[in-house]
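So the structure is just underneath, and the comments pick up after that.
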Amino acid sequence: RNRVASRILLLLMIAVLLFFIIKDPLSTKVERRGYRLPDAAQSLLPKANPLYSSYLVKNPDGSIAYNQKYTPASDVAGSSAAPKIIATFGGKNSADLEITDPFSHQKLTLKPQFGLGNPKIDSNRVVYSVQNMPAYKVHTLNGSGIEEDIVLTEKPKTDRLRFDYHLQIDSALEARLEQDGSLGVYGPDGVLANGNITTGSDADKVALEAAKKKTAKTKLVFRVPAPFILDGYKHISKDAKGWFSLTNNVLSVHVAGLAQ
């Protein structure tokens, strides 16, 4: 049981990286119409893996589902090659990213507070164009998690950028920034850690919510590593820095030093 629990934590890691690429503006505009990532971006992103593209399904409403049929019961000892996470990417009306831990049934939803185009599938990636900015938001999916990259295809006109996400989690969970700059989402041990608890009456529901809020949150359920910036040579930037802030359930990705 302990080995499985430890493995779950590793499988639910989300990486947030910021890539900075200087690209010819004219060719960038042409490529963005078709959501074709520039070659320079392709070289910086994780290598595409068609093995996981079969788990991506486009829904009639424009949203994209990932690994929706997975259940831990069908995966003895976690030995199958199937991904161990479930995710949904918003379509026409929203660009929300909802991640589900299939073991505890807990969900984490990130709602971008900036404009995005409709999502497109590119192998095992889900790609959004960023409105009013020469940039893409790219999610690379694999068996162990989801990696989100914001790719800037032109040098920004400002030294600083900020990307806000509304963080939505169950009342049994608590989000907090860690000393290493990452975001940790914690929940209780025991039965209250299950996000699929049903109640028989309104009174039971009220009591359940009170218990969720009162109990100590000590078990790590989701983790988002601290953001960082790569330059066009795939080096971690020494001048530009990225960091998180968390205020009233708004997770902000801050970037400074882009004018260097």
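Predicted, not measured: the structure shown is a model, and the values here were computed from it.
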Please name the pair of heavy atoms, one in [X] and one in [Y], separated by the smallest distance, quoted to 0.1 Å.
X	Y	value
Lys84	Asn67	N-ND2, 4.2 Å
Tyr128	Asn118	CD2-C, 4.2 Å
Ala48	Ser123	CB-OG, 3.7 Å
Ile85	Tyr66	CG1-CE2, 4.1 Å
Leu173	Lys107	CD1-O, 4.1 Å
Gln106	Val221	CB-CG1, 4.3 Å

Same cluster or not: Val57 versus Leu51, using hydrophobic residues (I, L, V, M, F, W, Y) connected whenever any side-chain heavy atoms lie under 4.5 Å apart? no
Just wondering, do Ile99 and Ile86 contact through their side chains at under 4.5 Å, heavy atoms? no
Below 4.5 Å, heavy atoms only, C-beta onward: do Val253 and Phe244 meet side chain to side chain? yes
Which residue pairs pass the salt bridge (charged side-chain N to carboxylate O under 4.0 Å, His left out) test with at least one member in residues 43-66, sequence neighbours excluded? none
All pairs passing salt bridge (charged side-chain N to carboxylate O under 4.0 Å, His left out) where residues 130-139 contributes a residue, at least two apart: Lys137-Glu148
At what distance, to the nearest 0.5 angstrom, does [atom1] of [X] lie from [atom2] of [Y]?
X	Y	atom1	atom2	value
Leu44	Asp149	CG	CG	9.0 Å
Phe114	Leu161	CZ	CG	10.5 Å
Ile236	Lys241	CD1	NZ	9.0 Å
Leu167	Leu246	CG	CG	6.5 Å
Tyr136	Leu45	OH	CG	11.0 Å
Ile64	Thr88	CD1	OG1	10.5 Å

Side chain to side chain contact (heavy atoms under 4.5 Å, CB included) involving [X] - partner list, sequence neighbours excluded:
X	answer
Thr109	Asp96, Glu98, Lys111, Gln168
Asn142	Tyr52, Ser144
Pro60	none
Thr218	Asp189, Ala216

Test your reading of the model: is there a side-chain donor-acceptor pair from Asp159 to the backbone of Ala256, 3.5 Å cut-off? no
Thr140 backbone acceptor or donor facing Glu147 side chain under 3.5 Å: no
Please lay out, stage by stage, how Gln113 and Ser252 fare under the test side-chain hydrogen bond (donor to acceptor under 3.5 Å, both in side chains). CA-CA 10 Å; Gln113 303 300 292; Ser252 299; over 6 Å; no
Taking only residues two or more places apart in sequence or in another chain, which ones pass side-chain hydrogen bond (donor to acceptor under 3.5 Å, both in side chains) with Asn249? none
Among all residues two or more places apart in sequence or in another chain, which pass the side-chain hydrogen bond (donor to acceptor under 3.5 Å, both in side chains) test with Ser245? His254
Should Arg162 and Asp164 count as an ion pair when the cut-off is N to O under 4.0 Å? yes
Contacts under 3.5 angstrom, residues 177-187 side chains, donor-acceptor by atom type, not counting sequence neighbours:
from, atom 1, to, atom 2, distance (Å)
Glu178, OE2, Tyr186, OH, 2.4
Asp180, OD1, Ser182, N, 3.0
Asp180, OD1, Ser182, OG, 2.7
Asp180, OD2, Arg223, NH2, 3.3

With sequence neighbours excluded, residues passing salt bridge (Lys or Arg N to Asp or Glu O under 4.0 Å) with Arg160: none
Between Leu258 and Thr158, does a side chain to side chain contact (heavy atoms under 4.5 Å, CB included) hold up when you go through it step by step? CA-CA 7 Å; Leu258 295 174; Thr158 60; 5.9 Å; no
